Amino acid sequence: MPELSVIVHGPNTQDHLTGLLDSLCSPDSLTARTTCTTFDGNPSPDIEVIVAAVGDWARETAERHTPDVQVLPLPDGTSDPAARAAGAALATGRWLHFVRAKDGLPPGGPRAVAEHLARLPETVDVLLLDHVRSTWGSSGLPSPDGPLLVRAGHAELALDDCAYLLRLTPLLGTRVLRAAFWRTRRTRLTAVGVPDGDPFDEPYAARAALLLADRVACLPRVAHEDRRLRPAALPPVTPEQRYALVEHYEALLGLAGDRPAVHDALYGIMVDDCLRTFVRGGMPDPVAREFFRRASLAAVRHRPEGHRRPAGLEGVRRSLLEEGAYTRYRALQAANRTRRAAGSAARTGRRQLGALLRDHHYRRALRRPVDPELAVFTAYWNRGVACNPAAIAAELAELAPWVHPVWVVNAPNAALLPPGTDHVVPGTRRYGEVLATAKYLVSNVNFPNAVVKRPDAVLLQTHHGTPLKRMGVDQTPFPAAARGLDFQALLERVDKWDYSLSSNSHTTRMWQRAYPSRHVSLDYGYPRNDVYYTAGADDVRAIRERLGIAPGRRAVLYAPTHRDYEAGWVPHLDLAALADRLGEDTVLLVRGHYFYDGSAGTAGSASPLTSPFTALRRGGRSARIVDVSSYDPVEDLCLAADLLVTDYSSIMFDYANLDRPLVIHADDWDVYRETRGVYFDLTAEAPGPVARTQEELTEILTTDAWRDASAAKARAVFRRRFCEYDDGRAAERVVRRVFLGQGEESLPPVLPLEERTPAPGPEEANS
């Protein structure tokens with residue numbers, strides 16, 4: 001019996017079925033009753049693929065993939081519920097995953113889902129997945145579901161305890177249903193008495209699955225692609241189909257039963273969705289009036305006892321809906337549009353006036369002579385004193401103290417600067433003055449487009465990592481990575497560079513192709529890595545003491561990277577389970593990516609509900625799991641760690657300088673590679689053992705596999721390739737060349753790898 005049956009259903013709309021089946025039947029996927037193996041060579045659960053092909057085009061497309069798939073031909077016009085039921089009738093798997101023919105499955109997704117399903121207890125009826133969204137003009141856009149899935153954790157749950165999961169995007173493709181659950185609940189999972197082509201059929205089924213399940217579980221990783229077709233390619237929505245939305249919610253509220261938390265959550269979703277559809281639906285006035293009337297009746301009929309409307313304008317909207325006050329609601333809309341337009345015009349006027357004044361001051365400053373003793377530094381989009389610019393500034397103070405450094409820092413971060421740091425805040429008058437007159441401009445990202453690079457000024461681009469993922473113009477084929485980028489503006493910024501810093505030959509070559517221009521490559525190493533060769537045993541002991549790591553305890557630094565296809569922090573490890581398996585003698589130092597607002601929570605949010613550490617602190621594991629996302633500098637964390645666990649973060653290239661063990665956790669490598677683009681296959685050229693699942697990672701960390709001879713051999717090859725120029729004197733070379741104008745022949749030569757002595761490891765430092 002296969003573990004998972006993937007049931008592809010529907011017509012071959014715009015030929016999307018071809019790509020879906022090509023992906024499913026590729027050698028990298030688990031398909032069609034074939035017993036495949038996991039990364040460690042052990043048998044993996046089977047997956048069968050059934051295509052409930054609606055129409056001749058879908059049938060012909062599916063038949064080209066036999067015998068890898070079973071094809072069930074269905075006549076044109078077969079509804080989605082009927083196609084799902086027909087496909088499920090043929091399925092033999094323990095679990096069912098319904099995928100529309102127009103949608104997609106990321107590479108490796110079915111395999112990961114099947115392996116996770118095999119570990120779930122029999123009490124779980126539904127597994128919830130994360131997804132990405134694609135349109136005709138974009139792909140791989142993150143969903144908002146990741147933080148909710150993370151909040152739920154890895155344990156099985158009853159919906160009464162996590163009613164917020166009803167707010168997950170209602171896609172049946174992100175629900176994997178236990179086959180026995182489907183067969184006993186099938187009729188209740190299908191809305192009855194609704195018109196053909198009902199656009200709300202799938203949202204109904206997706207939410208009904210949650211309402212009917214005894215228990216659910218979450219897998220917060222991308223395993224489905226929701227492809228949204230252009231409205232012009234879809235049949236128009238009829239009035240009856242509009243009204244069906246209200247009927248569906250009333251039916252769902254009936255499934256909620258006598259469960260107050262579930263009923264309250266679903267009621268709020270219903271009211272929000274009905275008002276959103278009413279406002280944005282573009283309905284003719286007669287249809288809109290009738291829709292509003294039906295939504296009003298439902299809002300009154302199902303309003304929970306003691307329910308309180310939200311405050312402010314949202315509460316007014318709900319009140320008008322419950323009163324059925326269509327005319328007053330439309331008047332409120334018109335008044336709001338007028339108010340917003342007036343406010344927008346006023347804000348625009350103020351912004352334009354302020355911009356004109358700042359530009360005037362900046363242009364006047366550009367007429368002043370360049371100050372040869374002024375240097376402007378910035379790092380990570382003005383976050384503070386950090387990375388390569390910080391190491392260069394420190395060396396500059398030693399070798400050229402007459403050059404005055406000024407840091408560009410955002411206002412909220414100014415209070416966190418080291419005492420005595422001269423700084424400017426973007427948008428202020430002095431900000432424009434120092435940028436206009438400084439001889440040296442140093443950044444690890446890019447200065448704004450409006451910054452003028454004067455002919456007698458020097459712009460040093462230090463970068464902030466070694467490229468594994470595609471960068472610069474190499475991102476153009478990857479829409480999820482390229483989203484929002486203006487490549488012409490990027491190249492104009494690149495043309496301002498005088499120097500580009502590099503730590504190895506690979507990086508030099510990739511910068512040349514990603515940022516094509518006439519800048520000079522400085523193959524000197526990354527100054528931020530100098531400390532890995534200059535720190536001593538006292539430094540290592542002091543850092544570990546500050547972090548509360550007792551002598552003799554193993555410190556594992558876990559530092560995952562950002563993913564373009566995830567909306568926020570989505571831990572790919574169950575940290576509590578990992579800490580339990582590693583035991584009392586190991587402490588996990590967890591470093592969230594800096595995109596996530598300095599904490600291991602959701603991007604841009606400080607809400608503890610979305611942080612994976614909230615539950616851990618309640619569970620008493622805080623002594624073994626430490627959130628070091630806000631700890632700076634990150635180099636201290638590397639010096640304190642006995643080993644590094646990461647996925648695709650460039651921290652691995654820096655950490656390799658220490659010649660300490662590294663382990664790669666590449667659970668979604670296939671998705672990352674396809675959506676972000678990479679320059680080489682990390683799983684084939686890793687700096688140590690590679691784990692594709694948490695079980696494999698745990699096995700590596702609980703045995704000697706993380707530091708055995710095989711791991712050391714892989715690390716040696718990796719270091720020779722990627723630590724080529726890092727020897728502890730990179731900052732000195734940069735300052736002497738860029739600020740003091742010395743020639744290459746007078747710079748400290750790069751030491752051969754075998755002649756370098758990294759900082760002592762924790763065991764050595766304590767001996």
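Counting begins at 1 with the first residue of the sequence. Heavy atoms only: backbone and side chains are in, while hydrogens, waters and symmetry mates are out. All values reported here derive from a predicted model rather than from experimental measurement.
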Any idea how H9 and F98 line up, ring-wise: parallel (<30°), tilted (30 to 60°), or perpendicular (>60°)? perpendicular
On the six-membered ring of Y164, is R167 placed so that its NZ or CZ lies under 6.0 angstrom from the centre and within 45° of the ring axis? no
Between W95 and F181, does the ring centre distance come in under 6.0 Å? no
Determine whether the side chains of R581 and T698 contain a donor N or O and an acceptor N or O closer than 3.5 Å. no
Assess the side chains of T123 and E156: does a donor N or O sit below 3.5 Å from an acceptor N or O? yes
NZ or CZ of R84 within 45° of W182 ring axis and under 6.0 Å: no
Is a side-chain donor or acceptor of R676 paired with a backbone partner of K469 at a separation under 3.5 angstrom? no
Provide the closest heavy-atom pair for L96 versus A91 in the form atom of the first, atom of the second, distance. CD2-CB, 3.6 Å
State whether the side chain of R215 and the backbone N or O of D125 hold a donor-acceptor pair below 3.5 Å, judged by distance alone. no
Decide, yes or no, whether a salt bridge links R318 with D272 under the criterion of side-chain N to carboxylate O below 4.0 Å. yes
Parallel, tilted or perpendicular: ring planes of H302 versus H263, cut at 30 and 60 degrees: tilted
I7 and H97: CA distance, side-chain angles, deciding distance, side-chain contact (heavy atoms from CB on, under 4.5 Å) verdict: CA-CA 6 Å; I7 300 168; H97 188 189; over 6 Å; no
Residue pair Y648 / D668, side-chain donor-acceptor N/O under 3.5 Å: yes
